[in-house]
Amino acid sequence: MLIRDYIKELILESINSCHKNGILPIFEIDQIEVERPQNTDNGDFAVSLPLKLTKVLKSNPLEIANTLTTYIDNEKANIVFDKILVAPPGFINFYLSQNWVQKQLEEILKSGKDYGNITKINPKNIQIEFVSVNPTGPLHVGHARGAVLGSSLASIIQASGDIVSKEYYINDAGNQIDLFVQSVYSKYSTLIGHEYPMPENGYMGDYIEDIAQEIHDENNSRKLNEKEIKPIALDKMLSNIRLDLLNLNVEFDNWFSEKSLFTSGEFDDTMNQFKKDQHSFSENNAIWFKATDFGEEKDHVLIRTNLEPTYYATDIAYHRNKFLIRKYDKVIDIWGADHHGHISRLKSALEAIGVDRSKLNILLYQLVSLKQGDDKVRASKRAGTIITTNELVEEVGSDACRYFFISRSPDSHMDFDIDLAQKKSSDNPVFYIQYAHARAFSILKSAADEGIKSNKGNIALLGNEHEINLLKKFTELSEIIQISADRYEPHHLAKYSLELATLFHLFYQNCRVIDEKQSNEISSTRLKLVGGFITVIGKCLDLMGMSKPESM
RNA sequence: GCCCCAGUAGCUCAGUGGAUCAGAGCAUCGGACUUCUAAUCCGUGUGUCGUGGGUUCGAGUCCCACCUGGGGUACCA
């Protein structure tokens, strides 16, 4: 159980007994906020409820705080807390007991990889869809941000107790795909001595030529037409994307084909449902969704005059599949901020076909722009001026790349400094964190050489400032996982990891584990602590999708 | 015009309506390796939290207006 919830329980029970004893009048209470004071003199946790109750109870906050504190179940509180103090102007401060903190180390070592995980009684079935880039070109740095965010968030939400499935939606139908295929075919034609014009707005990058060349090399004996090229070109592009993602340590549980919506008939079913319920109408030879009935500013086209479905229409069918066919309790889509305008109208369309719009959650991440020197580079797939995910990973490595993207709030705009990335600099905190992990392992190795075993350790000996700080930090993990999961903000985990590593480096500097001048018991005990650190920091690195080097 | 995001130290950014809440890292400068890894540690100063109002016992945090930058506002995706 999370400490915060434990405190909430204590306070609620105290309120109840106050009510029972007629000490306090009956009042409604919506939410008890448990805070973490910046200054630890004010405790490890604090409740400011009395300040909020002054108005309701028309009473002095200090008095309320005193009353509530008096009626807290002491026996229950003593398991976790040393003392619970009232502080002006009306806070109730909770101080963790050293004994409890020490005991958590045993919990950590027992739980191992599962430490920090939260168990839910009713876990939700959650789908998280991300990247989903058209297979018309390689992934660029912006996509990398979405990929990293999505894969970390999936791990974090899983750890927070729900069941998560990661999905990539392949836009393998539609006119952008046709443009891409025509672009490849144009280059291919030149290779076989034909002339086929590059389409207007065609894709210009070198990769188009590379794919054309590959197709040519692999089919030397015969000349393929555009139709034959299409599946090959798409497949090659998709494999490249898959590989790029793998290099970034991003994997999916499912790859969902847009085309399959048409072959399965689900797309038609969706359109028929709109028609049957009179949520669509025909105008100017196009089919429109009556979006204004659902609060939108304008109606939107589903089927164009040329009979082609819009991206919007297929996206509705796709999300219908998520909710009505596969019946996910909740869906999280991760989109670049440039798709923001799409959110409301997609939700409205879902409402029209009977899906609760709040079941769809969109996590927007702000765009990544590139900076080189003082110049900003606008990434454009068609113009071929992109920094690809792969180039980035080759320059800075997957771990640094992941940490870099995870450590910033999705809401923050990012200028990606190409020069900095190319420096392979150790400025990146990723090294700091991983070095702590490697250092801990090096202690384990030395201990093994010296024949020191951790099972002789006595956790009651862990009492100095550095040891206690480290232990207390360990116990924050669940809280961090929950906040990150609830708010879709993995960056809290990145920050936590850095703080945790800092405390370990401090411990390392100040407390020797292996030292002839001290007793074996102390060495064994500290070895236990090191083991706990490896577990906790290892969990963080796992959740962030980063490697855990045992030496550096 | 309307909608979304951002504006916090020289730079990159954290910050859950609370109390020493003005924070971290980097950069600068100075110190610490016979050591379980110096990719570490210790010391060094920096702010009209974009501006102006408001709500509140209490605002970097909530509300309104404005300024600056980015994005969106398609029978593109």
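Order of the sequence lines fixes the chain letters, A, B, ..., with proteins taken first and strands second; residue numbering starts at 1 for each chain.
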Base of A19(B), side chain of Asn93(A) - is there a donor-acceptor contact under 3.5 Å? yes
Can you figure out which of C36(B), A77(B), A39(B) approaches the side chain of Phe431(A) most closely? A39(B)
I need the NE2-C1' distance between His340(A) and A77(B), as an integer number of Å. 17 Å
In terms of side-chain heavy atoms, does Glu296(A) have a donor or acceptor partner in Ser344(A) at a distance below 3.5 Å? yes
For the side chain of Gln509(A), starting at C-beta, report the closest nucleotide among C41(B), A6(B), C13(B). C41(B)
What is the separation between atom OH on Tyr403(A) and atom P on G25(B), rounded to the nearest whole Å? 12 Å
Answer with yes or no after comparing the ring centroid distance for Phe294(A) and Phe289(A) against a 6.0 Å cut-off, counting only values under it. yes
Whether Asp333(A) and Lys322(A) form a salt bridge (side-chain N of Lys/Arg under 4.0 Å from carboxylate O of Asp/Glu) is what I want to check. yes
Between Lys445(A) and Glu550(A), is the closest basic N to carboxylate O distance under 4.0 Å? no
Looking at Lys298(A), I'd like to know whether one of its side-chain N or O atoms comes within less than 4.0 Å of OP1 or OP2 on A74(B). yes
Once hydrogens and angles are ignored, does a donor-acceptor distance under 3.5 Å link the base of G71(B) to the side chain of His413(A)? no
Integer-rounded Å distance: C13(B) C1' and His492(A) NE2: 13 Å
Could you summarise the pairing of RNA chain B as dot-bracket text, marking Watson-Crick and G-U pairs under 3.5 Å with ( ) or [ ] inside the strand and | across strands? (((((((..((((....[....))))..((((.......))))......(((((..]....))))))))))))....
Separation of G18(B) C1' from Leu49(A) CG (nearest whole Å): 13 Å
Whole-Å distance between C5(B) P and Asp415(A) CG? 19 Å
From the candidates G18(B), A77(B), U35(B), the one with an atom nearest any side-chain atom of Glu35(A) is G18(B)
By the 4.0 Å heavy-atom rule, please label Ala436(A) as base, sugar-phosphate, or nothing. nothing
What is the distance, rounded to the nearest whole Å, between atom CD of Glu499(A) and atom P of G25(B)? 10 Å
I want to check a possible cation-pi pair here: Arg408(A) against Phe404(A), using under 6.0 Å from ring centre and within 45° of the ring axis as the test. yes
side-chain N/O Asn175(A) vs A77(B) OP1/OP2, d < 4.0 Å: yes
Want to settle it: does Glu550(A) or Glu297(A) sit nearer the 5' end of RNA chain B, counting the closest nucleotide to each? Glu297(A)
Base, sugar-phosphate, or nothing for Ser409(A), non-hydrogen atoms under 4.0 angstrom? sugar-phosphate
State which of A77(B), G18(B), C75(B) makes the closest approach to the side chain of Ala286(A). C75(B)
In whole angstrom, what separates Leu498(A)'s CG from C41(B)'s P? 10 Å
Leu506(A) side chain, from C-beta outward: closest of C42(B), C5(B), G18(B): C42(B)
Looking only at N and O atoms, is any donor in the side chain of Thr305(A) or the base of C75(B) less than 3.5 Å from an acceptor on the other one? yes
Would you say the side chain of His505(A) and the base of C41(B) hold a donor-acceptor pair, judged only by whether the two atoms sit under 3.5 Å apart? no
Does the cation-pi check pass for Arg345(A) over Tyr312(A), that is, NZ or CZ under 6.0 Å from the six-membered ring centre and within 45° of its axis? yes
Distance test, side-chain N/O of Tyr508(A) to OP1/OP2 of A38(B), below 4.0 Å: yes
Can you measure Arg408(A) atom CZ to C26(B) atom C1' for me and round it to whole angstrom units? 11 Å
Counting only side-chain nitrogens and oxygens, does Ser412(A) get under 4.0 Å of the OP1 or OP2 atom of A14(B)? yes
Residues that His466(A) engages under side-chain contact (heavy atoms from CB on, under 4.5 Å), provided they are two or more places apart: Asn464(A), Leu506(A), Phe507(A), Asn510(A), Cys511(A)
Take Ser48(A) and Arg439(A), find for each the nucleotide of RNA chain B with the closest heavy atom, and name the residue whose nucleotide sits nearer the 5' end. Ser48(A)
Which of A19(B), C75(B), C5(B) is nearest the side chain of Phe91(A)? It is A19(B)
For Lys472(A), is there an ion pair with Asp44(A) - N to carboxylate O distance below 4.0 angstrom? yes
Please indicate yes or no: is the ring centre of Tyr432(A) less than 5.5 Å from the centre of the six-membered base ring of A39(B), with the two planes inclined by under 30 degrees? no
For Ala440(A), answer base if it contacts any base atom (sugar-phosphate contacts may also be present), sugar-phosphate if it contacts only those atoms, and nothing otherwise; contact means non-hydrogen atoms under 4.0 Å. nothing
What integer number of Å spans the C1' atoms of A39(B) and C63(B)? 48 Å
What about the rings of Tyr169(A) and Tyr318(A), do their centers lie closer together than 6.0 Å? yes
